[in-house]
Colleague: 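Okay, here's the structure, questions in a sec.
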Amino acid sequence: MKLSPITQRRLARFRANRRGLWSFWIFTVLFVLSLFAEFIANDKPLLVRFDGHFYVPVLHTYSETTFGAEFMPTEADYTDPDVAAAIGKHGWMIWPAIPFSYDTIVKNMDRPAPAPPSWRNLLGTDDQARDVLARVIYGFRLSVLFGFTLTAISSAVGIAAGAIQGYRGGLTDLLFQRFIEIWSGMPQLYLLIILGSIIAPSFWVLLIFLLLFSWMSLTGVVRAEFLRGRNLEYVRAARALGVSDLALMWRHILPNAMVATLTFLPFTLSGSVTILAQLDFLGFGLPPGSPSLGELVSQGKNNLQAPWLGITAFVVLGGVLTLLIFVGEAVRDAFDPRKVVKPRP
């Protein structure tokens with residue numbers, strides 16, 4: 001598929017921003033690796049060979065009786081010495097690089113939790129004896145997926161609302177603007193506290209609640225672009241030829257409006273990633289025990305004698321935001337027609 005000259009120039013301007021390009025690749029690699037968190041950090045083996053048969057505990061659940069008739073018919077605990085000895089007697093196990101999941105309680109520690117970093121726990125443990133590195137990997141994946149989902153849905157809703165406002169204008173635009181002014185003034189945190197007292201917050205509950213307010217972030221930009229674009233000569237000519245309003249909005253005005261909108265998306269994503277951490281830090285986010293970067297920040301605040309908790313949370317959140325901001329700057333340069341790409345010497 002051959003790219004248009006405009007797209008090629010935008011890609012060239014994006015690649016010219018070396019800081020943004022490297023940040024994009026670093027963030028992409030980290031995110032792709034986090035998608036396979038179960039294969040990197042888990043308290044279940046990746047592969048088990050027992051009595052001539054192969055088992056994949058990381059993907060399937062097996063009972064203890066699978067590895068010995070004298071065991072219980074419950075899910076196998078591969079860290080149990082008896083189960084491990086039975087498997088080792090008739091086969092072998094391949095463990096992930098980090099033999100702990102986000103909710104695994106680290107046993108046989110030589111000091112009370114929270115324990116400092118060691119070769120066994122590279123980033124130490126939290127105050128509930130859980131491996132910090134494992135929780136960071138799972139928490140990073142959860143935060144980024146939450147941010148991607150919230151950004152995608154809220155952007156789609158916001159772009160549609162701004163397009164209708166700008167294209168229709170008149171009374172429609174006036175009423176919509178008054179509604180946005182009132183709705184944006186609602187106290188979100190207080191509403192979330194009330195919601196949390198009624199139902200238990202979860203990933204989808206928080207997503208739907210935040211979606212009710214986050215869609216307004218792009219509405220103003222799209223509205224302004226449609227207000228300007230609907231009076232352009234080629235749009236008026238297409239309307240005179242009988243092109244429908246939906247086709248005009250989708251084919252002729254929206255592509256131009258997306259140029260300004262796309263420059264805001266990386267910054268919107270960074271805000272969506274951190275908002276979950278903020279709610280978890282305040283105690284109004286995901287259920288207790290969920291892998292959360294915000295919960296790690298809270299633990300760092302409550303355990304000042306364990307500085308590795310606060311330092312880890314700061315480095316992870318600061319690193320994610322820095323990468324996304326640098327990517328956003330590169331995207332902004334890519335869509336800036338005044339940006340000239342200088343040839344390399």
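For this chain, numbers begin at 1 and follow the sequence in order.
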Colleague: Are the side chains of Pro96 and Leu46 in touch, meaning some heavy atoms are under 4.5 Å apart?
Modeller: yes

Colleague: Applying side chain to side chain contact (heavy atoms under 4.5 Å, CB included), name anything that partners Phe284, two or more places apart in sequence or on another chain.
Modeller: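 By the side chain to side chain contact (heavy atoms under 4.5 Å, CB included) rule, Phe284 matches Leu189, Leu192, Ile193, Leu282.
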
Colleague: CG/Leu145 to CZ/Phe140 distance, rounded to the nearest 0.5 angstrom?
Modeller: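 If I round to the nearest 0.5 Å, the distance is 9.5 Å.
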
Colleague: Just one of Leu206, Val205, Leu279 clears the side chain to side chain contact (heavy atoms under 4.5 Å, CB included) bar with Leu286, so which one?
Modeller: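 Considering Leu206, Val205, Leu279, a side chain to side chain contact (heavy atoms under 4.5 Å, CB included) with Leu286 is found only for Leu206.
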
Colleague: Honestly curious: do Leu133 and Ile105 fall in one hydrophobic cluster under the side-chain, below-4.5 Å linking rule?
Modeller: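 Each belongs to a different hydrophobic cluster.
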
Colleague: Group every Ile, Leu, Val, Met, Phe, Trp and Tyr by side-chain heavy-atom contacts under 4.5 Å, then state whether Leu175 and Phe226 land in the same group.
Modeller: no

Colleague: Under the 3.5 angstrom rule, does the side chain of Glu75 hit a backbone N or O of Thr61 as a donor-acceptor pair?
Modeller: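 The answer is no, because no donor-acceptor pair under 3.5 Å joins these two groups.
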
Colleague: Using atom types as modelled and distance alone, determine if a side-chain donor or acceptor of Ser118 lies under 3.5 Å from a backbone N or O of Asn121.
Modeller: yes

Colleague: Is it true that Met186 and Ile194 fall in one hydrophobic cluster, defined by side-chain heavy atoms closer than 4.5 Å?
Modeller: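 They do share one cluster, since a chain of ILVMFWY contacts under 4.5 Å joins Met186 to Ile194.
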
Colleague: Taking the inter-plane angle between the rings of Phe176 and Phe179 on a 0 to 90° scale, is it parallel (under 30°), tilted (30 to 60°) or perpendicular (over 60°)?
Modeller: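 Aromatic pair Phe176/Phe179 classed perpendicular.
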
Colleague: If you measure from CZ on Arg168 to CE on Met249, what distance do you get to the nearest 0.5 Å?
Modeller: 8.5 Å

Colleague: Is there a side-chain contact between Leu123 and Trp308, using heavy atoms and a 4.5 Å cut-off?
Modeller: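 Heavy-atom side-chain distance check fails, nothing below 4.5 Å.
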
Colleague: Looking at Asp280 and Ser292, what are the two nearest heavy atoms and their distance?
Modeller: OD2-OG, 2.5 Å

Colleague: Taking all non-hydrogen atoms of both residues into account, name the closest pair between Asp80 and Asp82 and its distance.
Modeller: OD2-N, 2.9 Å

Colleague: Using the ring-ring contact (aromatic ring centres under 6.0 Å, His included) criterion, which residues pair with Phe100? Sequence neighbours excluded.
Modeller: none

Colleague: Once you round to the nearest 0.5 Å, how far does CD1 of Ile94 lie from CZ of Arg49?
Modeller: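 The CZ atom of Arg49 is 11.0 Å from CD1 of Ile94, to the nearest 0.5 Å.
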
Colleague: Not counting sequence neighbours, which residues clear side chain to side chain donor-acceptor pair (under 3.5 Å) with Arg19? List them please.
Modeller: Glu329

Colleague: Taking all non-hydrogen atoms of both residues, which atom of Leu269 and which atom of Thr151 are closest, and how far apart?
Modeller: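 Leu269 and Thr151 have their closest heavy atoms at CA-OG1, 3.4 Å.
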
Colleague: Determine whether Thr268 and Ser217 satisfy the following criterion, side chain to side chain donor-acceptor pair (under 3.5 Å), listing intermediate values before the conclusion.
Modeller: CA-CA 8 Å; Thr268 304; Ser217 60; 4.6 Å; no

Colleague: Is there a path of hydrophobic side-chain contacts, each under 4.5 Å between heavy atoms of I/L/V/M/F/W/Y residues, joining Leu265 to Trp25?
Modeller: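 Yes, same cluster.
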
Colleague: When you look at OH of Tyr190, are more than 12 heavy atoms from neighbouring residues, nucleotides or ligands closer to it than 6.0 Å?
Modeller: no

Colleague: Might you point out which heavy atoms bring Leu321 and Ser270 nearest each other, and give the distance in Å?
Modeller: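 Taking every non-hydrogen atom into account, CD2-O, 3.7 Å.
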
Colleague: Which residues pass the ring-ring contact (aromatic ring centres under 6.0 Å, His included) test with Phe281, not counting sequence neighbours?
Modeller: none

Colleague: Name all residues meeting the ring-ring contact (aromatic ring centres under 6.0 Å, His included) criterion together with Tyr234; count only those two or more places apart in sequence or in a different chain, and write none if there are none.
Modeller: none

Colleague: Apply side chain to side chain contact (heavy atoms under 4.5 Å, CB included) to the pair Gln128 and Arg135, showing each step before the final yes or no.
Modeller: CA-CA 12 Å; Gln128 299 184 36; Arg135 291 187 64 81; over 6 Å; no

Colleague: Side chain of Thr274, backbone of Gly271: donor and acceptor closer than 3.5 Å?
Modeller: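 Here the side-chain-to-backbone pair exists.
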
Colleague: Using 0.5 Å steps for rounding, measure from the CD atom of Glu295 to the CG atom of Leu309.
Modeller: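 The CD atom of Glu295 sits 9.5 Å away from the CG atom of Leu309.
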
Colleague: Nearest 0.5 Å, what's the CG-CG distance between Asp131 and Asp43?
Modeller: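 One gets 11.0 Å once the value is rounded to the nearest 0.5 Å.
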
Colleague: With sequence neighbours left out, write down each residue that passes side chain to side chain contact (heavy atoms under 4.5 Å, CB included) with Pro45, or none if nothing qualifies.
Modeller: Val48, Pro57, Tyr78, Met93, Trp95

Colleague: Can you tell me if Arg120 has over 12 outside heavy atoms packed within less than 6.0 Å of its CZ?
Modeller: yes

Colleague: Could you identify which residues cluster with Phe314, counting Ile, Leu, Val, Met, Phe, Trp and Tyr as linked when any side-chain heavy atoms lie under 4.5 Å apart, either directly or through a chain of such contacts?
Modeller: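 Phe314 clusters with Ile311, Val315.
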
Colleague: Please report the closest heavy-atom contact between Gly20 and Ala330, naming both atoms and the distance.
Modeller: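 Shortest heavy-atom contact: CA-CB, 3.8 Å.
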
Colleague: Say whether Ile198 and Ile208 are linked into one hydrophobic cluster, either directly or through other cluster members, by side-chain heavy-atom distances under 4.5 angstrom.
Modeller: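 Hydrophobic grouping puts Ile198 apart from Ile208.
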
Colleague: Other residues, nucleotides and ligands only: do more than 12 of their heavy atoms fall within 6.0 Å of CH2 on Trp92?
Modeller: yes

Colleague: Would you sort out whether Leu122 and Ile98 count as a side chain to side chain contact (heavy atoms under 4.5 Å, CB included), showing the intermediate values?
Modeller: CA-CA 9 Å; Leu122 296 180; Ile98 303 172; over 6 Å; no

Colleague: Quick one: list whatever passes side chain to side chain donor-acceptor pair (under 3.5 Å) with Asn17, sequence neighbours left out.
Modeller: Asp333

Colleague: Write out all pairs satisfying ring pair (Phe, Tyr, Trp, His ring centres under 6.0 Å) with one or both partners inside residues 146-172, taking only residues at least two apart or from two chains.
Modeller: Phe31-Phe148, Phe146-Phe203

Colleague: Take Thr74 and Glu64, measure what side chain to side chain contact (heavy atoms under 4.5 Å, CB included) needs, and give me the verdict at the end.
Modeller: CA-CA 6 Å; Thr74 57; Glu64 289 186 357; 4.2 Å; yes

Colleague: Check whether Arg13 reaches the backbone of Ala334 with its side chain - one donor and one acceptor, N or O, closer than 3.5 Å.
Modeller: yes

Colleague: Would you say Arg111 has more than 12 foreign heavy atoms packed within less than 6.0 Å of its CZ?
Modeller: no

Colleague: When rounded to the nearest 0.5 angstrom, what is the spacing between CD1 in Ile159 and CG in Leu254?
Modeller: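 It is 6.5 Å, given to the nearest 0.5 Å.
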
Colleague: Other residues, nucleotides and ligands only: do more than 12 of their heavy atoms fall within 6.0 Å of CZ on Phe36?
Modeller: no

Colleague: Give me the one residue out of Thr219, Leu174, Thr172 that meets side chain to side chain contact (heavy atoms under 4.5 Å, CB included) with Gln165.
Modeller: Thr219

Colleague: Going by side-chain heavy atoms closer than 4.5 Å, which hydrophobic residues are tied to Tyr138, directly or by a chain of links?
Modeller: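 Traced through the cluster, Tyr138 reaches Tyr102.
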
Colleague: Which heavy atom of Glu38 sits nearest a heavy atom of Val58, and at what distance?
Modeller: O-CG2, 3.3 Å

Colleague: List in chain and number order the residues that pass side chain to side chain contact (heavy atoms under 4.5 Å, CB included) with Leu211, two or more places apart in sequence or in another chain; answer none if no residue qualifies.
Modeller: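 With neighbours one apart ignored, the set is Leu150, Ile153, Ser154, Ser214.
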
Colleague: Show your working on side chain to side chain contact (heavy atoms under 4.5 Å, CB included) between Arg230 and Leu227 and close with a plain yes or no.
Modeller: CA-CA 6 Å; Arg230 66 174 185 167; Leu227 282 173; 4.1 Å; yes

Colleague: Report the residues that fulfil ring-ring contact (aromatic ring centres under 6.0 Å, His included) with Tyr62, sequence neighbours left out, ordered by chain and then residue number.
Modeller: Tyr55

Colleague: Got a donor-acceptor contact below 3.5 angstrom from the Thr66 side chain to the Ser63 backbone?
Modeller: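 Yes, the answer is positive, given that a donor and an acceptor are paired below the 3.5 Å cut-off.
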
